[in-house]
Amino acid sequence: MTLPIFHGSITALVTPMLEDGSLDEASFRALVDWQIAEGTHGLVPMGTTGESPTVTHDEHNDVVRWCVEEARGRVPVIAGAGSNSTREAVSLAQRAEKDGADGLLIVTPYYNKPSQDGLYAHFRAVAEATGLPVVIYNIPGRSVVDMSVETMTRLYELPNIVGVKDATANVARVSLQRAAMGPDFIQLSGEDATALGFMAHGGHGCISVASNVAPGLCAAFQEACIAGDFRSALAYQDRLMPLHVDLFCETNPGPAKVALAMLGRCSETMRLPMVPCSDTARTKVRAALLHAGLISAEETALGVRAVAGR
C-alpha cells in the first residue's frame, strides 16, 4: 500500500519554555529527537498546541527552523503558519518554506468569521504564495467558522492543497469528504479521542496532542489502523483513552505540559493568558499516565521522573 506523504501519528508539538517564559530550545530539540526515536511519523511545530498565539513572529520562525534542523529529514515537518490575517499567513508560510519545512498547516481564520468565499480566497492566496503542500486546519471550536465540504472541494482543485486536519470530531465528515474528493485527499484527525472511528472511515492519520506524551503508543495505534488491524488498535485506544480525555481537562496545552513535566521532558511553563493547571488536573493527568503504563505506581506515589515509551 502506498501511503501519502503525511500519514500516521503526527505530533502537534508543545513549545517548551523556561521558568522566565523564554523558549527552551534545548528541551524542544530533545523532544523532537525523542518523538522520532519513538516512531512518530511527522511533526507539527507552531500549531495551537505550540502556543503560537503568544509567541513573536521571530520566535515562531525560530521554532519551525529548530524542528526542521533537528528532524534532519527523518520525518516530515508540517509547519503551523495560520493566521486570521491573510498577509501574515502568507509571510509565515513563505518563511517556513525558506527554512525547509515539508508542508504547511493553515488554520481557518479565527475571530473575524469569514464567509465560505472568504475562506476560499484566504487559502487560495496562501497556496499560491508557496510551493509547499498545504493542509487545511478545520477547527470550528476554536476558530468559530466551519469550512464546508463544498469549499474544501473547490480548494482541492488547487495543485498544492493536499488535505485537511479535521478537528470537528464528526467522523461522518471523513466519509463525506472522501466521497467529494476521493481517497487521495489526505484526511488527518485533529481529535485524539475519535481518531479510531476517523481512521475506520478512511482517515490517513492524526495530528495528535497525546503523542507529545505517548509517542510510541500513538504511533503503534496508527500503524495498527493503517494495517486494518482494528482489534489491536482498539486495545491501544483503551490504554490511551484516559490521556485523550484528561489532556483536555483544562485548556490545551496545559495538561500536556504537566504530563511532559512528570516525564521529565520539559517544564510546565506557559505564557499568559495560559495559567498553571490546577491540582485536580495534575491528579487526573498522573492517573492517565499510570493507566497508559507510562509511569509506575511507585513513580505515581513519589512523583518522580518516569521513562516514557511504547
Side-chain angles (χ1 to χ4, degrees), residues 1 3 7-14 34-35 37-42 44 49 141 165-175 187-263 265 277 280-301 303 305-310:
M1 177 176 61
L3 295 172
H7 68 273
S9 181
I10 302 170
T11 303
L13 291 165
V14 303
W34 178 55
Q35 288 285 323
E38 287 287 298
T40 292
H41 302 98
V44 175
T49 303
K165 175 185 176 182
D166 188 314
T168 64
N170 177 5
V171 294
R173 288 290 290 263
V174 191
S175 292
Q187 298 205 61
L188 304 170
S189 172
E191 213 267 337
D192 281 300
T194 57
L196 179 61
F198 190 99
M199 293 300 289
H201 274 252
H204 299 94
C206 180
I207 297 180
S208 169
V209 173
S211 58
N212 276 286
V213 177
L217 290 173
C218 289
F221 165 79
Q222 281 294 328
E223 288 163 6
C225 289
I226 289 168
D229 183 3
F230 286 99
R231 182 182 297 274
S232 295
L234 181 59
Y236 284 115
Q237 174 84 347
D238 289 344
R239 189 171 167 185
L240 287 164
M241 193 62 188
L243 269 180
H244 294 338
V245 173
D246 290 327
L247 289 182
F248 292 90
C249 66
E250 293 184 8
T251 305
N252 178 50
K257 281 195 165 180
V258 166
L260 285 165
M262 290 177 179
L263 297 174
R265 298 289 170 182
C277 286
T280 299
R282 288 189 178 85
T283 298
K284 289 180 178 180
V285 168
R286 193 179 295 279
L289 290 172
L290 178 63
H291 181 87
L294 299 175
I295 59 175
S296 68
E298 291 77 13
E299 288 164 333
T300 301
R305 180 186 184 279
V307 177
R310 195 177 296 191

Could you tell me if the side chain of L243 sits less than 4.5 Å from the side chain of L217, heavy atoms only? no
Is there a donor-acceptor pair under 3.5 Å between the side chain of Q237 and the backbone N or O of A195? no
Can you list the residues that meet the ring pair (Phe, Tyr, Trp, His ring centres under 6.0 Å) rule with H204, with sequence neighbours excluded? none
Starting at CG of L188, measure out to CE of M199 and round the result to the nearest 0.5 Å. 8.5 Å
Donor-acceptor pair between T11 and N212 side chains, under 3.5 angstrom: no
Under the rule for salt bridge (charged side-chain N to carboxylate O under 4.0 Å, His left out), what residues qualify as partners of R173, not counting sequence neighbours? D146
Considering all heavy atoms of both residues, which atom of A224 and which atom of S232 are nearest to each other, and what is their separation? CB-CB, 4.2 Å
Could you pull out all residues at least two apart from E250 that satisfy side chain to side chain donor-acceptor pair (under 3.5 Å)? S278
Within the distance-only criterion (no hydrogens, no angle test), does the side chain of E191 pair as donor or acceptor with the backbone N or O of A169 below 3.5 angstrom? no
List in chain and number order the residues that pass side chain to side chain donor-acceptor pair (under 3.5 Å) with Q222, two or more places apart in sequence or in another chain; answer none if no residue qualifies. none
Using side-chain heavy atoms (C-beta onward) and a distance below 4.5 Å, is T280 in contact with K284? yes
Within the structure provided, determine whether I295 and L263 are in side-chain contact (heavy-atom separation under 4.5 Å). yes
Any side-chain heavy atom of M241 sitting closer than 4.5 Å to one from H291? no
L234 CG to F221 CZ distance, which is reported to the nearest 0.5 Å: 9.0 Å
Is there side-chain contact between L196 and C225, with at least one heavy-atom pair below 4.5 Å? yes
At their closest point, which heavy atom of A214 faces which heavy atom of L294, and how far apart are they? CB-CD1, 3.7 Å
Can you see which heavy atom on V174 is nearest to which on G202, and at what distance? CG1-C, 4.1 Å
Sequence neighbours excluded, which residues qualify as side chain to side chain donor-acceptor pair (under 3.5 Å) partners of S175? H201
Step-by-step side chain to side chain contact (heavy atoms under 4.5 Å, CB included) determination, L13 to Q35: CA-CA 9 Å; L13 291 165; Q35 288 285 323; 4.1 Å; yes
Kindly write out the residues that satisfy side chain to side chain contact (heavy atoms under 4.5 Å, CB included) with V285, not counting sequence neighbours, or none if the list is empty. P255, V258, A259, M262, L289
To the nearest 0.5 Å, tell me how far S211 OG sits from E38 CD. 11.0 Å
By ring pair (Phe, Tyr, Trp, His ring centres under 6.0 Å), which residues pair with H7, not counting sequence neighbours? H41
So, using side chain to side chain donor-acceptor pair (under 3.5 Å) as the criterion, who are the partners of S9 when residues are at least two apart? none
Closest heavy-atom pair, R265 versus W34, reported as atoms and distance to 0.1 Å, is NH2-NE1, 3.1 Å
Shortest non-hydrogen separation from F198 to S189 and the atoms involved: CE2-N, 3.3 Å
Could you check whether any side-chain heavy atom of D192 comes within less than 4.5 Å of a side-chain heavy atom of L247, counting everything from C-beta outward? no
Can you tell me how far CG of D246 sits from CZ of R282, rounded to the nearest 0.5 angstrom? 14.0 Å
List for me each residue that meets side chain to side chain contact (heavy atoms under 4.5 Å, CB included) alongside T251, sequence neighbours excluded, and say none if there are none. R142, M274
Considering non-hydrogen atoms only, spot the tightest contact between I207 and A12 and give its length. CG2-CB, 3.9 Å
